[in-house]
Enquirer: 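Below is one structure. I have some questions about it.
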Amino acid sequence: MIAISYIEWSDDTIKRFRKKLLTWYDENKRDLPWRKDTNPYHVFISEIMLQQTQVNTVIDYYLKFIEAFPTVFDLAQAPEDKLMAVWQGLGYYSRARNMQAAAQQIVFDYKGQWPKTAKELEKLKGIGPYTSCAIASISFGEVEPAIDGNAFRVFARLLKIEDDIAKPKTKTIFYDIVKKIIDPNRPGDFNQAIMDLGSSYMRAKNPLIEQSPVYEFDASGQDGTCLNYPVKTKKKPPQKIPYYGFIIKTSEGYLMEKRPKTGILANFLMFPLVKKTLTEIESFENYFKSNYAVEIKNAQLSDDLKVIHTFTHQQWQISLVVADLVAFDNSNFIEVTSEELDYLNLSALQKKMNKILA
DNA sequence: AATACGTGGGC
DNA sequence: TGCCCAAGTAT
């Protein structure tokens, strides 16, 4: 058993830290659209969008989303295409579906009344340990630390916490530490102040160490080791997967395929993709006919047309094949006009392929 | 516990 | 370029 050590603060230090942090926050907090009030619906929408997504990216999406679905009731009854129209391009699309499921839970299971504790909030779809604590603290004043990437980094640096934040059990270590430090009188502001601190002075790269408002509490900043924190083991690089991507021309546009209901880019319309396997496809025409009941002709593999798209865990290397449609008998496929391509709900990958057509 | 799940930006 | 990151959750 290795003893994990980190800096421990006295009660007095904790009190001075809260005061310093919140004073700084009161004077310097970012003016963000979801900070105009503490309406739980607003906090909920922003927190879901902010999962693994940067503030600058979220701002426009948030404004459009609130305009399209002003209340939890609007979201609960929204048609899927309208929901996806607002979310397209943001990524992690299950967030949008879970978010609507959560809205329906609020409306039907909770009669429109938001639960006020992290424990209850975590029962909602798409709301986990971080988001439940964020909503509970910001909207309802519950004293719960919201441990996100910022909190990991800020407290790891302040206290020189050596635990690997890539390991799930480390979350409870940080939770227990921050639970003692969080200001019981202003838990929501405390959590948000830590996030603002983590995105400015104590950012991942190029931190502003000595100018930090809490430099006097910053152990790793003072001894020049702050870039060693937080400790985090590296993830595996994305697996490279070669595909053929088919641009199948129709009289007025292209043939598209509806992706499976589960998995990556679920339900999106996309140009048909076929994994390249060890056994080379002998003929694109025969492949489409026997596998999809889709008849094509003039299939031409282009060495110039390649699209590389990197997800978190996969990199798709797509070699494009141009062909002409003859006929098809498969409900998973649909003819789309060139004009429709411009306003359909599409993934960033499909939009990347669209650009090649122009 | 480990992996699936998107995207855009920075260096 | 390739790698890492950015307010995580579900399974």
Side-chain angles (χ1 to χ4, degrees), chain A residues 29-30 32-35 42-62 84 87-99 101-102 121-135 137-138 145-154 164-172 174-175 178 188 190-200 202-207 227 230 232-241 259-260 262-268 270 308-317 345-352:
Chain A
K29 65 181 170 192
R30 287 175 289 181
L32 300 170
W34 48 87
R35 284 183 176 174
H42 295 162
V43 176
F44 165 66
I45 300 300
S46 67
E47 289 298 342
I48 299 294
M49 287 186 168
L50 285 161
Q51 290 169 4
Q52 301 292 284
T53 309
Q54 297 190 322
V55 167
N56 281 341
T57 303
V58 167
I59 290 175
D60 287 341
Y61 280 94
Y62 174 82
M84 294 314 291
W87 196 273
Q88 63 174 317
L90 238 200
Y92 286 148
Y93 297 94
S94 65
R95 286 184 296 175
R97 299 190 176 92
N98 286 151
M99 175 187 265
L121 286 162
E122 204 172 337
K123 293 177 182 171
L124 301 171
K125 290 279 194 327
I127 294 186
Y130 162 75
T131 306
S132 61
C133 290
I135 298 172
S137 64
I138 296 170
I147 310 297
D148 70 331
N150 286 302
F152 273 130
R153 183 173 56 260
V154 166
D164 181 359
I165 67 166
K167 296 188 184 306
K169 61 183 293 188
T170 301
K171 189 171 304 215
T172 63
F174 276 74
Y175 178 89
V178 183
F190 181 95
N191 284 332
Q192 293 182 91
I194 294 298
M195 296 177 208
D196 278 17
L197 193 60
S199 68
S200 57
M202 300 186 74
R203 66 182 74 144
K205 293 172 185 171
N206 305 317
L227 291 181
K232 185 182 185 182
T233 53
K234 289 178 180 150
K235 290 176 205 159
K236 283 192 279 189
Q239 181 190 7
K240 294 176 179 174
I241 305 179
R259 292 186 54 78
T262 59
I264 195 163
L265 301 179
N267 294 330
F268 273 109
M270 193 167 302
I308 310 290
H309 192 80
T310 307
F311 301 101
T312 308
H313 60 301
Q314 290 180 355
Q315 181 181 80
W316 291 5
Q317 303 173 322
N345 297 334
L346 299 173
S347 65
L349 167 56
Q350 179 58 44
K351 288 183 177 177
K352 201 185 281 187

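For the numbers below, each heavy atom of this structure counts, side chains included, while hydrogens, waters and symmetry mates do not. What you see is a predicted model, and the numbers here were worked out from it, not measured in a lab.
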Enquirer: Atom NZ of Lys235(A) and atom P of dT3(B): how far apart are they, to the nearest Å?
Expert: 12 Å

Enquirer: Answer with base, sugar-phosphate or nothing: what part of the nucleic acid does Trp316(A) contact at a heavy-atom distance below 4.0 Å?
Expert: nothing

Enquirer: Would you classify Ala204(A) as touching base, sugar-phosphate or nothing, given that sugar-phosphate means primed atoms plus P, OP1 and OP2, and contacts are heavy atoms under 4.0 Å?
Expert: sugar-phosphate

Enquirer: Closer than 4.0 angstrom, basic N to acidic O: yes or no for Asp196(A) and Arg30(A)?
Expert: yes

Enquirer: For Lys236(A), report the nucleic acid contact type (base, sugar-phosphate, nothing); a contact means any heavy atom under 4.0 Å.
Expert: sugar-phosphate

Enquirer: With no hydrogens and no angle check, do the side chains of Asn150(A) and Arg153(A) hold a donor and an acceptor under 3.5 Å apart?
Expert: yes

Enquirer: Angle between ring planes, Phe311(A) versus His309(A), binned at 30° and 60°: parallel, tilted or perpendicular?
Expert: perpendicular

Enquirer: Using a 4.0 Å cut-off to any heavy atom of chain A, which nucleotides of DNA chain C are the first and last in contact, reading 5' to 3'?
Expert: dC4(C) to dA10(C)

Enquirer: When you look at NZ of Lys240(A), are more than 12 heavy atoms from neighbouring residues, nucleotides or ligands closer to it than 6.0 Å?
Expert: no

Enquirer: Using atom C1' of each nucleotide, how far apart are dC4(C) and dG6(B) to the nearest Å?
Expert: 15 Å

Enquirer: For dA1(B) versus dT9(C), give the span between their C1' atoms, rounded off to a whole number of Å.
Expert: 15 Å

Enquirer: Check every strand shown and say whether Lys232(A) touches a base, only sugar-phosphate, or nothing at a heavy-atom separation below 4.0 Å.
Expert: sugar-phosphate

Enquirer: Give one of base, sugar-phosphate or nothing for Val55(A), where a contact means two heavy atoms less than 4.0 Å apart.
Expert: base

Enquirer: Heavy atoms only: give me the nearest Tyr62(A)-His42(A) pair and the separation to one decimal.
Expert: OH-CB, 3.3 Å

Enquirer: Nearest whole angstrom, please: distance from the C1' of dG6(B) to the CD1 of Ile308(A).
Expert: 17 Å

Enquirer: Base, sugar-phosphate, or nothing for Arg30(A), non-hydrogen atoms under 4.0 angstrom?
Expert: base

Enquirer: Using distance alone, with no hydrogens and no angle criterion, decide if Glu47(A) and Tyr130(A) have a side-chain donor and acceptor under 3.5 Å apart.
Expert: yes

Enquirer: Just the table, please: protein N/O against nucleotides 7-11 of chain B N/O, every pair under 3.5 Å.
Expert:
residue, atom, partner, partner atom, Å
dT7(B), OP1, Tyr93(A), OH, 2.8
dT7(B), OP1, Ala348(A), N, 2.8
dT7(B), OP2, His309(A), NE2, 3.0

Enquirer: In whole angstroms, how far is the C1' atom of dA4(B) from the CZ atom of Arg259(A)?
Expert: 13 Å

Enquirer: Please classify the nucleic acid contact of Pro129(A) as base, sugar-phosphate, or nothing, using heavy-atom distances under 4.0 Å.
Expert: sugar-phosphate

Enquirer: Does a side-chain N or O of His313(A) approach OP1 or OP2 of dC5(B) to a distance below 4.0 Å, or not?
Expert: yes

Enquirer: When we call it a touch if two heavy atoms are under 4.0 Å apart, what does Leu32(A) touch: a base, just sugar-phosphate, or nothing?
Expert: base

